[in-house]
There are 2 protein chains.
Amino acid sequence: MPVTIRDVARAAGVSITTVSRALNGYEDVGADTRRKVERVAAELKYRPSAIARSLVMNRTKTIGLLVSELTKEHSGHHFMFGVLYGIHDRLAELGYDLVLVSTTTARQRLVSYLTFCTERRLDGVIVMGIRMDDPYIQEVLDSGFPSVVIDVPLLSERCGYVMTDNVFGAKLAVRHLFAKGHRVIGFVNGHVQAAVSRERRCGYEEAMAECGLVGDPDWQFVSDFTERGGMEGCKTLLEKNPDMTAIFFASDLMAMGGLRHAQAVGLKVPSDLSVVGFDDIELSQYVTPSLSTIHQKRYEMGTVAADMLVGMLDQGKAPEGRLLSPQLFERQST
Amino acid sequence: MPVTIRDVARAAGVSITTVSRALNGYEDVGADTRRKVERVAAELKYRPSAIARSLVMNRTKTIGLLVSELTKEHSGHHFMFGVLYGIHDRLAELGYDLVLVSTTTARQRLVSYLTFCTERRLDGVIVMGIRMDDPYIQEVLDSGFPSVVIDVPLLSERCGYVMTDNVFGAKLAVRHLFAKGHRVIGFVNGHVQAAVSRERRCGYEEAMAECGLVGDPDWQFVSDFTERGGMEGCKTLLEKNPDMTAIFFASDLMAMGGLRHAQAVGLKVPSDLSVVGFDDIELSQYVTPSLSTIHQKRYEMGTVAADMLVGMLDQGKAPEGRLLSPQLFERQST
DNA sequence: GTGGGTATCCGAAACGTTTCGGAAAGCCGA
DNA sequence: TCGGCTTTCCGAAACGTTTCGGATACCCAC
């Protein structure tokens, strides 16, 4: 039904080879032949089949976006969409398509990510929002499939990464609170399966030491990145440390929970309790009081990841680890 | 490099045909032959090429998600992501892949949506977040490309739609405000290029009439779905109608702008001014005062759209128009 | 005239599947 | 013994491209 290269060749009175070479801008085709072919192709509305091309060229110009949980209530989606935009935009510029691959995609078909990717002959993958203990993801990384991971420092022959400088980000938060006069500064972290959690904790502890504050284990609480978890963390820390005047949360959503708890127990923010989040999700500027937070360049993370992956694919560049520097956004909660 | 069906055939000592039929569960293959083929295929880690299959089967099992503006600051993204989830999840269940197609995708390559879709040999498209005056979108719909449109009532041979019952939704909002005692109820609408705007306006006017309230043109304001536009609308309406005590905004984001303006001019919500939004985006429960709004079943819109499109593709079902009923979520702003 | 170079063009193989039509073998009843 | 039916298998074409290795024709210098 659709018009093929054969139809164009016939209509233009030339061979298939010539049509292909004319349309793809090769040199060894006469000027008027080329014009004729182009004219005929346009008249016939010829659309070369990307499928057939992929088969013979052995690449699909398609990359997959692997996310552990692309679901309604996944707590990380605020962050991920910013990255998604960046990935999509840059990939489009570079001539690549983006297909979504998630656990729902793979699990429904009872196949691993890797199986999915190789069957679809994806050229590469960008991985984000995954937990380090995801059993399937390691398979992809080990397979030598060209990949870029977001927010996990994994560097190998065919796997690069891009992430925010979380250590520095956490330091920015602590220093800010210290400068505001706080001395008993709590920390509510995300779950341990996230690489960023380790780094943010590291930054918190280093900054505390730099400020000459002794680190008490009771000032820290390990949560799960959710709002409910943030509430719980806030509650626990304040009960254990009545003198605590500031808390740094490893995500904005947890900080929201903190704000909510503070409100529930009648604490004024920032006068009674100061709060700093991490991520700068859109919510944080709408909530009252608006949330001071560590801004991550989400869109840029996406473009950098896309650039790196396509660089590996098209130019054989080596994968690298890229750190993007975060920024403190001071608002009403401090 | 990758193992092909030919390798499996050789290793199992059977023909290519038999491997294909054995692995695809056809009947005319002996029990032990089948077992042997399956075993060899597993040992060799054979992964059939979806590309080659697509070429011969003439379908890709891939559908495109067309959005006008998948960009950072697009005002509709809060709404669209809920739908995206639903589409993706259901499509995965049904064995289809999802690729993102946006103006950035198409424009960068200087081709129309339709060109993109036919080149990629997509099986169908789901269209959302587009303006009715988008010059390219009509081309897709006219082409007879199997499609489902979200939020635009376009029904044809190969094109169905799914949307919220916006007329009913708007009525819910107005009736709610009326029941609360308001008699001068303003309406800030979205831009005219959106089909939903017309319907919401219609619902507003009908409900006002039902409540026995005379409709004054000065009670309405046409805006653009953005927060800034909502502020402006709120300001204008209040200046023109000092006795106005309630405003219904055609989107939550505009309602946010309304809240902001009210706060700026010292109006208490809801005592001085009551506000109702539309969409029930996540923000609306976090802002203070939290926003009363008309909830749309976003996730369900996605699953319904996916079901309809795949029904057309796999079972030859006729496209239809589906209306999902909205719901009033009463919160603090009324 | 001849040799070699250049500018154009083309035939055919290859990519990895699915599937149509038929073939071989075994069995059974007449 | 033979025809026909069933079961199991296979050869080859087809899907729509790209590309390798030539082939043709022309021109120019010798």
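Residue numbers begin at 1 in each chain, while the letters A, B, ... track the order of the sequences. Source: prediction; values computed, not measured.
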(Q) Looking at A:Glu93 and A:Arg90, is any side-chain nitrogen of the basic one under 4.0 Å from a carboxylate oxygen of the acidic one? (A) yes
Q.
Would you say CG of A:Asp142 has more than 12 non-hydrogen atoms from neighbouring residues, nucleotides or ligands within 6.0 angstrom?
A. yes
Q: Indicate whether any N or O donor in one side chain lies under 3.5 Å from an N or O acceptor in the other, for B:Thr17 and B:Ser20.
A: no
Q.
For B:Arg10, is there an ion pair with B:Asp7 - N to carboxylate O distance below 4.0 angstrom?
A. yes
Q: Ignoring backbone atoms, establish whether B:Ser15 has a side-chain N or O less than 4.0 Å from OP1 or OP2 of D:dG11.
A: no
Q | Below 4.0 Å: OP1/OP2 of D:dC9 and any side-chain N or O of B:Thr33 | A | yes
(Q) In dot-bracket form, 5' to 3', how is DNA chain C paired? Count Watson-Crick and G-U wobble pairs only if both distances fall under 3.5 Å, and write | where the partner sits on another strand. (A) ||||||||||||||||||||||||||||||
Q. Could you run down nucleotides 13-22 of chain C 5' to 3' and tag each one B, S or - for protein heavy-atom contact under 4.0 Å?
A. --BBBBBB--
Q: Begin with the C-alpha distance, continue with both residues' side-chain angles, and end with the deciding distance and a verdict on side chain to side chain donor-acceptor pair (under 3.5 Å) for A:Asp89 and A:Tyr299.
A: CA-CA 9 Å; A:Asp89 284 3; A:Tyr299 186 85; 2.6 Å; yes
Q: Look at the aromatic rings of A:Phe81 and B:Tyr85 and report parallel, tilted or perpendicular, splitting at 30° and 60°.
A: tilted
**Q.** SB check B:Lys61 B:Asp123 (cutoff 4.0 Å)
**A.** no
Q. So, do B:Ile63 and B:Asp97 sit near enough that their side-chain heavy atoms are less than 4.5 Å apart?
A. no
